[in-house]
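Okay, so here's the structure we're looking at.
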Amino acid sequence: MTMDRLTLFGLFAVTAMLACHALEDRSHWFVLAFAAACAPGSVYGFLGRLDLSGLFGQRSRCGAGASGGA
């Protein structure tokens with residue numbers, strides 16, 4: 001099983017968010033760390049959305065080209 005860089009980045013971002021959220025009761029610094037960990041999570045969500053829109057854009061163009069030629 002291979003993972004691309006975007007998936008590894010997302011795994012890191014979500015793991016950091018979960019770990020900080022679980023430790024929020026121990027110190028107020030974990031609340032700040034959770035807020036900071038949300039930034040890469042948001043970046044991952046944005047980049048993942050761009051990747052998916054690129055995939056769907058290619059599918060619609062391929063489908064239009066195939067039906068347009070018939």
Side-chain angles (χ1 to χ4, degrees):
M1 181 172 93
T2 62
M3 286 199 239
D4 61 346
R5 287 184 278 170
L6 181 61
T7 303
L8 288 174
F9 178 72
L11 180 65
F12 168 76
V14 172
T15 302
M17 287 172 51
L18 286 173
C20 291
H21 181 65
L23 297 172
E24 279 182 345
D25 292 336
R26 294 181 183 229
S27 172
H28 64 278
W29 290 108
F30 287 112
V31 176
L32 181 62
F34 175 75
C38 285
S42 296
V43 170
Y44 169 70
F46 178 73
L47 292 175
R49 179 74 60 154
L50 284 179
D51 190 28
L52 287 176
S53 65
L55 284 175
F56 292 132
Q58 287 178 350
R59 283 186 184 167
S60 65
R61 281 181 278 179
C62 290
S67 64

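- Atom-to-atom distance recorded for C38:SG and H21:NE2 is 10.0 Å, nearest 0.5 angstrom.
- Atom CG of residue L18 and atom CZ of residue F34 lie 8.5 Å apart, to the nearest 0.5 angstrom.
- The structure places CG of D25 at 11.0 Å from CZ of F30, a figure rounded to the nearest 0.5 Å.
- Side-chain heavy atoms closer than 4.5 Å link hydrophobic residues (I, L, V, M, F, W, Y) into clusters, and following such links, possibly through other members, connects V43 to L6.
- When hydrophobic clusters are built by joining Ile, Leu, Val, Met, Phe, Trp and Tyr residues whose side-chain heavy atoms come closer than 4.5 Å, directly or via intermediates, L47 is grouped together with Y44.
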